[in-house]
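Structure first, commentary second.
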Amino acid sequence: MNKTTIFLIAGGLCAAVTTQAQQMDAAARVELVGHYDNGIGTSDGASQGSVTAELMASRPALRPGELLEFVPGVIVTQHSGDGKANQYYLRGFNLDHGTDFATFVDGMPVNMRTHAHGQGYTDLNFLIPELVDRINYRKGPYYADEGDFASAGAARMTLANRLKENTAAVTVGEHQYVRSVLTGSTPLGAGNLLYGAEYAHNDGQWVVPEAFHKSLGVLRYSQGARDDQFTVTGMFYQGAWYASNQIPLRAVQGGRIDRYGTIDPSDAGETSRYSLSATLRKRSADRLLQANAYVVQSALTLFANFTYFLDDPENGDQTRQTEKRRMGGFDIAHTWFSHWGTLDIANKVGVQGRYDYLSPLALYATRDQRTLRTISESTVREGSVGLFVENTIKWRDWLRTTAGLRHDRYRFDVASDIAENSGKVGAGTTSPKLGIVLGPWAATELFVQYGAGFHSNDARGTTVHLAPKEREPVDPVTPLVKTRGAEIGARTEIVPGLQSSLAVWKLRAASELVFSGDAGDTSPSRGSKRSGVEWNNHYIANAGLLLDLDLAWSRARYTGHDEAGDHIPGAIGKVASFGATMTNVGPWSAAFQMRYIGPRPLIEDDSQRSGTTAIAYARLGYRFNRRWAAQLDAFNLFDRRVSDVDYYYASRLPGEPAEGVADIHYHPAERRSFRLTVKASF
């Protein structure tokens with residue numbers, strides 16, 4: 001998309017807004033009150049917003065990670081067992097398990113850096129969705145208080161302090177699916193105690209039952225009102241499963257395995273997470289203090305075999321990735337509100353720190369979960385500090401600017417069983433930010449934003465000199481990969497009941513290089529450039545009907561031409577989502593959600609492409625009385641035979657050539673299924 005096209009779009013939108021505004025009586029406008037708090041004057045960008053608990057509760061989700069699909073343009077899938085972190089897509093990124101999208105729960109970072117399986121690993125299975133009060137989202141590297149992993153965007157989830165009612169619910173479904181959950185809140189002393197507990201089990205539709213079972217709990221104490229409060233939250237989660245990993249297309253087409261079969265039935269996983277966090281917010285007429293601190297202990301073991309018998313024809317290529325992590329950190333920000341003459345000013349200063357200790361962090365070659373040899377073992381200490389300043393000036397009623405500067409400093413300390421791969425490395429990066437808000441005019445705002453960001457690489461990659469598997473010389477990677485982006489956009493409420501926003505954006509990354517936990521090393525890659533358009537619409541047709549339509553298009557290419565091709569594998573170009581929520585139809589309620597994922601290149605020359613994916617969810621609910629209610633959820637409503645993910649690489653099955661066979665490997669979306677929930681309120 002060239003600059004002329006961008007200005008034509010923006011100019012056309014402004015002209016349409018002005019024409020319609022002249023035809024409207026200001027008194028005819030209605031204030032939008034719904035499931036999104038994205039009204040005029042609520043944000044600094046067209047692709048920033050907030051999702052409320054009411055919308056999250058009204059629509060079905062197959063997995064907890066799909067909460068992030070309420071962020072317009074985000075796609076959440078799975079390429080392995082449901083106990084593993086999801087696969088995420090946004091703005092032309094195959095984010096893998098979260099590399100360039102930062103996720104937080106009450107200020108705690110969910111992204112795990114220097115992770116056994118993937119950099120930025122984002123597993124949301126520890127969440128009880130009924131306790132999530134809000135999702136505040138931002139897209140692009142334009143915000144001074146967002147650091148590592150936030151180049152494509154960031155989502156900050158907050159838990160409720162109290163619930164409108166206490167509930168106990170049981171959900172049953174096909175394939176031994178069962179979920180029981182208890183949530184509630186009660187006054188305690190001068191504050192409020194929130195609690196939640198969940199147990200779930202699911203075999204799934206797989207030939208080898210997934211047998212995913214998990215248990216989790218939340219206990220939260222809060223005190224005070226919104227502008228003068230603190231919270232303390234404890235959370236725990238444990239899960240285990242057999243993995244339904246991606247499978248080679250040729251094995252299904254040749255009748256070797258079923259579409260829902262597996263090559264290595266011993267692939268599996270086990271994980272746990274325990275956390276304690278605290279938040280503080282104090283506001284007065286001229287200042288605001290926000291602070292949070294957290295400690296997390298987590299563990300993960302993954303058995304995975306993606307190439308079968310390519311590297312080891314006798315024992316197979318299964319590996320065990322394992323880590324035990326202790327993590328602690330804090331985030332403190334202070335804002336001063338003042339006046340410079342007739343100008344309203346806000347100055348914000350903040351500091352963020354995080355420390356991760358991992359021991360062991362290891363990769364082993366295994367067969368049927370039995371260890372054959374050690375590929376690598378490490379102890380990693382990784383610390384970081386981020387400082388930022390931000391200045392917001394309201395120059396006129398129709399002009400506001402926000403300028404920020406952020407500096408991050410990292411320290412990597414790796415002790416490896418391969419002596420050449422041990423070492424200490426330090427790195428830093430500075431990221432300027434700028435945003436301009438124009439308006440509102442005729443219930444419409446215009447936005448211009450620019451910013452630099454980054455993501456950190458796996459600590460082991462920063463000190464590596466010998467590839468763990470091949471023991472061949474390799475070069476260390478850049479510790480911090482810089483990104484920079486820009487965006488112009490608009491948000492309007494000129495049509496009564498409709499919030500509509502349009503954003504045209506671009507983003508460059510110095511490198512697409514990411515550490516691979518499956519191989520224990522880093523694959524070299526080039527820089528990249530992405531651009532796109534997003535159009536988001538939320539329409540309150542009446543008091544009982546909410547409609548959403550989100551459309552996104554993006555183009556992703558490597559920079560620096562290579563004969564292999566310049567397409568970025570896995571980069572989705574087209575995304576669409578439509579949702580409808582109906583309430584207040586007597587005792588009945590209903591919801592419908594459909595998402596479309598366009599085809600994408602699977603290799604650099606674009607000669608292999610994925611198919612499209614279109615999946616619909618639906619819900620029908622009935623309230624018997626004030627206490628009892630039931631709902632029926634349908635997943636993959638139209639029973640589409642589509643994929644959650646597709647990859648193209650070489651693998652080897654028994655009897656195939658030693659060099660293997662290059663093929664599409666995919667994880668099928670689950671067939672149509674139903675789940676019935678009965679809920680009691682008390």
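No experiment lies behind these values; they were computed from the predicted model shown.
Salt-bridge formation is not detected for the pair Glu146/Lys433: no Lys NZ or Arg NE/NH1/NH2 atom is positioned less than 4.0 Å from an Asp or Glu carboxylate oxygen. Comment: Arg411 does not engage Asp413 in a salt bridge, judged by the lack of any side-chain N to carboxylate O separation of less than 4.0 angstrom. Comment: Arg600 engages Asp646 in a salt bridge, judged by a side-chain N to carboxylate O separation of less than 4.0 angstrom. Between Asp267 and Lys84, none of the side-chain N atoms (NZ, or NE/NH1/NH2) sits under 4.0 Å from a carboxylate O, so this pair counts as no salt bridge.
With no hydrogens or angles considered, a side-chain donor-acceptor pair links His667 and Ser244 at under 3.5 Å. Between the side chains of Asp317 and Asn305, no donor N or O sits under 3.5 Å from an acceptor N or O. Side chain to side chain, Thr99 and Gln119 fail the donor-acceptor criterion of an N or O pair below 3.5 Å. A donor-acceptor pair shorter than 3.5 Å can be found between the side chains of Ser359 and Thr379.
Taking His201 as the reference, nothing meets the ring-ring contact (aromatic ring centres under 6.0 Å, His included) condition, with sequence neighbours excluded. Every residue two or more places apart in sequence or in another chain that forms a salt bridge (charged side-chain N to carboxylate O under 4.0 Å, His left out) with Glu487 is listed here: Arg91. Every residue meeting the side-chain contact (heavy atoms from CB on, under 4.5 Å) condition with Thr402, not counting sequence neighbours, appears here in chain and number order: Asp44, Glu390, Thr392. Under the salt bridge (charged side-chain N to carboxylate O under 4.0 Å, His left out) criterion, Arg179 pairs with Glu130, Glu198, sequence neighbours left out. When the ring-ring contact (aromatic ring centres under 6.0 Å, His included) test is applied to Tyr649, the partners found at least two apart in sequence or on another chain are His665. With sequence neighbours left out, Asn292 forms a side-chain contact (heavy atoms from CB on, under 4.5 Å) with Thr279, Tyr294, Asp331. For Arg508, the salt bridge (charged side-chain N to carboxylate O under 4.0 Å, His left out) test picks out no residue, with sequence neighbours left out. Scored by the salt bridge (charged side-chain N to carboxylate O under 4.0 Å, His left out) test, Asp123 finds no partners at all (sequence neighbours excluded). Checked against side-chain contact (heavy atoms from CB on, under 4.5 Å), Asp368 has the following partners two or more places apart in sequence or in another chain: Asp264, Ser266.
Results of the side-chain contact (heavy atoms from CB on, under 4.5 Å) test with Tyr410 over Thr429, Val385, Leu480 single out Leu480 as the only residue that passes. No option in Val380, Thr301, Leu361 other than Leu361 meets the side-chain contact (heavy atoms from CB on, under 4.5 Å) test with Glu323.
Each ring pair (Phe, Tyr, Trp, His ring centres under 6.0 Å) pair with one or both residues in residues 91-110, not counting sequence neighbours, appears once here: His79-His97, His97-His117, His97-Tyr121. Under the side chain to side chain donor-acceptor pair (under 3.5 Å) criterion, the residue pairs touching residues 268-278 are Gln238-Tyr274, with sequence neighbours excluded.
Closest non-hydrogen pair, Ala333 versus Phe388, comes out as CB-CZ, 4.2 Å. Heavy atoms only, all atoms of each residue included: Ser222 and Asn161 are closest at OG-CB, 3.4 Å. Between Arg406 and Asp145, the shortest heavy-atom contact is NH1-C, 3.6 Å.
A 6.0 Å sphere centred on CZ of Arg156 holds more than 12 heavy atoms belonging to other residues, nucleotides or ligands. By the 6.0 Å contact criterion, CZ on Phe303 is enclosed, its count of non-hydrogen atoms from other residues, nucleotides or ligands being greater than 12.
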Which donor-acceptor pairs under 3.5 Å do side chains of residues 417-428 form with protein atoms, sequence neighbours excluded?
unit_1	atom_1	unit_2	atom_2	d
Asp417	OD1	Glu377	N	3.0
Asn421	OD1	His465	N	2.7
Asn421	OD1	Leu466	N	2.9
Asn421	ND2	Leu466	O	2.9
Ser422	OG	Ser416	N	2.7
Ser422	OG	Ser416	O	3.3

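Between the OG1 atom of Thr114 and the CG atom of Leu358 there is a distance of 6.5 Å, given to the nearest 0.5 Å. Considering OG of Ser185 and OH of Tyr195, their distance stands at 7.0 Å, rounded to 0.5 Å.
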